[in-house]
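Heads up: the structure comes next, in structure tokens.
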Amino acid sequence: MLRRPSITFRTMAFVAIVCLSLLAIDCWNSWQSRTVQLRQMNAATSNLARAMAQQADDTLKAADSALIGIVERVEHDGTGPAAVQRLRKVLAAQVDEFPQLDGLHIYDQDGNWVANSRRTPPQNLNNASREYFIFHRTHEDRGPHIGIPVKSRTSGELLVPVSRRINHADGRFAGVALATIDIDFFMKFYDSLDIGEAGAVGLVLDNGTMMTRRPYSPDMVGRDMRETSLFRAYVEQGAVGTAYIRSAQDGTMRLNSFRRLENYPLFVTAALSKDEILAEWWRETLWHSAGVMLLVLVVGLVGWRLVKQFELQTRTENELRQARDALETLNRTLNTLAMEDGLTGLANRRQFDVTLDNEFGRAMRNASTLALIMMDVDCFKQYNDIYGHAAGDECLQSIGRTIAKVAGRRPGDLAARYGGEELVVLLPNTDVAGAVILAERIRSAVRDLKIVHAGTEDGFVTLSAGVDALKPVPGAAQPKELIRAADQALYAAKAGGRNRVCASMRPVPA
């Protein structure tokens with residue numbers, strides 16, 4: 001059977017469980033709050049990327065729409081002086097209509113300027129070396145082309161080129177229609193976005209070329225992003241995605257949401273600093289965690305005081321229990337002393353009398369037989385006279401141990417010192433024959449001790465025994481009758497020459 005834990009242990013366990021539960025619940029709530037915060041910011045960056053993609057797509061579409069009309073007009077009307085004059089007015093009107101446009105330009109098949117939207121046309125301007133011009137000259141694709149950012153040769157501003165190919169009637173390359181968008185147009189929109197102090201947004205070509213970025217730096221425009229974690233995540237996740245990325249520009253860990261433009265080969269990225277996202281969460285967590293820790297401390301102190309009180313109570317109870325046990329031990333010792341013969345270690349006369357009455361009553365209730373062996377050490381007075389009382393005491397002790405050993409095999413049997421050198425053995429559930437057998441064993445065992453006794457014919461200490469047994473009947477027999485009959489049998493053994501066992505001749509009632 002398992003031992004039940006102590007109240008102190010259970011109290012300590014309860015307090016520990018309460019404290020750990022409070023901490024666990026607080027940690028779980030904090031982690032859930034963190035998860036919710038990151039999920040909300042994930043949605044926020046995704047929405048921000050969607051807005052940026054829509055703005056960029058609308059901006060490019062406006063420029064591309066203007067180019068479609070220009071290409072159609074040039075291919076239909078040609079580039080004669082009158083047509084160019086009309087075309088310049090159309091280009092200027094288009095730029096005035098769309099504020100995102102920096103300028104509209106037309107170049108012939110050799111890259112020479114034909115017309116543009118500026119009031120003062122540039123002189124001897126040739127753009128045949130520009131990336132967008134080379135692209136259209138080498139590709140028959142009639143769709144829009146978003147080129148890498150260029151620096152204007154007239155204004156010095158960084159521009160995003162949007163261009164379309166112009167063909168001759170036979171399909172040969174005839175030139176390029178170009179719309180330029182000032183990067184500042186994108187930056188003004190990006191500056192209006194709330195991305196925190198460490199946030200970042202950017203516009204990147206599908207080939208990995210950085211168009212523009214906030215925080216802005218002219219060195220960033222046109223940079224190759226193909227080896228960055230951002231570009232790899234875009235390639236792996238597709239048109240729309242989210243990832244935690246450590247910036248290759250400033251080393252800041254950010255939550256990045258990127259989205260490809262619907263109509264053009266670019267993607268936008270909106271990134272919020274992870275530290276800034278979690279800053280408010282950290283503040284709230286520290287405050288309520290401090291409160292929980294204080295609560296845990298209070299619970300722990302109260303529990304500690306309670307445990308100390310239990311320990312004090314337990315210690316007091318143990319001391320009382322020890323005192324009680326000591327008192328019970330003392331009482332048992334006193335009871336033993338009261339019921340035990342101090343010389344032989346056998347039961348004394350008092351215990352014998354009590355046990356005789358108890359066993360007599362039990363035998364009467366159970367209709368069983370009760371036997372008694374009464375013994376006397378032969379010529380013990382002479383032994384004392386010859387060897388002294390100290391030797392006599394040792395002799396009785398040896399005989400007592402022998403009787404206890406031989407007669408103590410059944411729990412209910414009782415060996416006692418009746419008085420002086422007289423000894424008795426009370427045997428419940430035993431008839432005369434059984435008692436005689438046991439008496440003979442005791443007599444023989446005492447003789448085998450070979451305690452020298454010069455006052456006997458045998459030369460050794462011996463004993464004589466008388467045996468009687470009866471089956472008590474209510475109102476017909478008394479314990480004293482058993483003693484009297486056994487004593488008479490003992491007298492007969494003495495008279496018959498000692499060192500022998502005699503049984504009572506009184507018949508045992510059936």
Side-chain angles (χ1 to χ4, degrees), residues 48-67 91 94-105 107 116-118 122 125 127 129-135 144-164 176-195 199-226 228 230-231 234 247-250 254 256 258-271:
L48 188 60
R50 182 182 293 108
M52 291 173 58
Q54 186 65 51
Q55 185 265 350
D57 202 74
D58 291 345
T59 300
L60 295 174
K61 194 168 186 63
D64 189 33
S65 297
L67 291 177
L91 297 180
Q94 291 277 15
V95 171
D96 291 340
E97 183 177 353
F98 298 106
Q100 61 265 50
L101 294 178
D102 172 74
L104 292 170
H105 311 269
Y107 298 94
N116 68 11
S117 58
R118 302 188 188 279
L125 186 61
N127 277 9
S129 61
R130 295 291 198 186
E131 179 271 339
Y132 58 82
F133 191 89
I134 296 173
F135 175 85
H145 174 69
I146 311 299
I148 62 176
V150 296
K151 189 172 185 179
S152 173
R153 291 175 177 172
T154 56
S155 65
E157 299 294 331
L158 286 171
L159 306 173
V160 175
V162 182
S163 57
R164 278 182 176 267
V176 172
L178 172 70
T180 56
I181 304 171
D182 196 333
I183 283 181
D184 281 346
F185 179 81
F186 292 102
M187 292 308 303
K188 288 178 182 178
F189 175 70
Y190 294 162
D191 287 341
S192 68
L193 303 177
D194 183 10
I195 58 174
V201 293
L203 178 65
V204 186
L205 275 171
D206 274 355
N207 64 8
T209 302
M210 174 68 77
M211 303 298 283
T212 187
R213 178 182 184 271
R214 173 188 169 192
Y216 177 74
S217 171
D219 297 336
M220 286 298 304
V221 178
R223 178 172 293 184
D224 188 355
M225 302 291 290
R226 287 176 295 180
T228 63
L230 172 63
F231 190 79
Y234 168 69
S247 172
Q249 317 305 325
D250 54 20
R254 295 186 176 93
N256 284 261
F258 42 83
R259 179 179 291 270
R260 192 180 190 278
L261 271 62
E262 184 175 353
N263 299 299
Y264 300 98
L266 297 96
F267 69 93
V268 296
T269 174

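No hydrogens, no waters, no symmetry mates; every other heavy atom, side chains included, goes into these values. Remember, it's a predicted structure, so these values are computed and weren't measured experimentally.
Checked by atom type and distance alone, the side chain of N127 never pairs as donor or acceptor with a backbone atom of F133 at under 3.5 Å. With R214 contributing its side chain and Y216 its backbone, the two residues share no donor-acceptor pair below 3.5 Å. In this structure, D194 contributes its side chain and S192 its backbone to no donor-acceptor pair below 3.5 Å.
In terms of the side-chain hydrogen bond (donor to acceptor under 3.5 Å, both in side chains) criterion, residue partners of S129 (sequence neighbours excluded) are, by chain and number, R153. With sequence neighbours excluded, no residue forms a salt bridge (Lys or Arg N to Asp or Glu O under 4.0 Å) with R259. Under the rule for a side chain to side chain contact (heavy atoms under 4.5 Å, CB included), the partners of E131 that lie at least two apart in sequence or sit in another chain are F135, H145, I148. Partners of R226 under the salt bridge (Lys or Arg N to Asp or Glu O under 4.0 Å) rule, at least two apart in sequence or in another chain, are D224. For D219, the side chain to side chain contact (heavy atoms under 4.5 Å, CB included) test picks out S217, R223, with sequence neighbours left out. For A177, the side chain to side chain contact (heavy atoms under 4.5 Å, CB included) partners two or more places apart in sequence, or in a different chain, are L67, I70, V71, I166. A search for side chain to side chain contact (heavy atoms under 4.5 Å, CB included) contacts involving D184 returns E157, D182, not counting sequence neighbours. Residues that satisfy the side-chain hydrogen bond (donor to acceptor under 3.5 Å, both in side chains) test with S65, not counting sequence neighbours, are absent from this structure. In this structure, F186 has no ring pair (Phe, Tyr, Trp, His ring centres under 6.0 Å) partners at least two apart in sequence or on a different chain. Considering only residues two or more places apart in sequence or on other chains, Y264 meets the side-chain hydrogen bond (donor to acceptor under 3.5 Å, both in side chains) condition with D64. Applying the side-chain hydrogen bond (donor to acceptor under 3.5 Å, both in side chains) criterion to T180, with sequence neighbours excluded, gives D102.
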Contacts table for residues 200-211: side-chain donor-acceptor under 3.5 angstrom, sequence neighbours left out:
from, atom 1, to, atom 2, distance (Å)
D206, OD1, Y234, OH, 2.8
D206, OD2, R260, NE, 2.9
D206, OD2, R260, NH2, 2.7
N207, OD1, T209, N, 3.1
N207, OD1, T209, OG1, 2.9

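In summary, of the residues considered (V150, T212, I183, T59), a side-chain contact (heavy atoms from CB on, under 4.5 Å) with V160 occurs for I183 alone.
When all heavy atoms of Q55 and F185 are compared, the closest pair comes out as NE2-CE2, 3.5 Å. Between V221 and P149, the closest heavy-atom pair is CG1-CB, 3.3 Å. Contact between R254 and G199 at its shortest, heavy atoms only, is NE-C, 3.9 Å. Summarising the geometry of A49 relative to A270, their closest heavy-atom pair is N-CB, 3.9 Å, with the distance given to 0.1 Å.
Between Y190 and M52 the shortest side-chain heavy-atom distance falls below 4.5 Å. With contacts defined as side-chain heavy-atom distances shorter than 4.5 Å, the pair Q100/F189 does not qualify. A heavy-atom distance below 4.5 Å is found between the side chains of L60 and I146. Counting heavy atoms from C-beta on, the side chains of I181 and L159 never come closer than 4.5 Å. Here the side chains of V268 and F258 are not in contact, with every heavy-atom distance at 4.5 Å or above. Inter-residue side-chain proximity for V162 and L178 is flagged as unmet; no heavy-atom pair is nearer than 4.5 Å.
From H105, atom NE2 reaches atom OG of S152 across 7.0 Å, with rounding to the nearest 0.5 Å. With values rounded to the nearest 0.5 angstrom, F98 atom CZ is found 13.0 Å from S117 atom OG. Interatomic distance, CG of L261 versus CG of N263, reported as 8.0 Å (0.5 Å rounding). Between the CG atom in L230 and the OG1 atom in T269 there is a gap of 4.5 Å [rounded to 0.5 Å].
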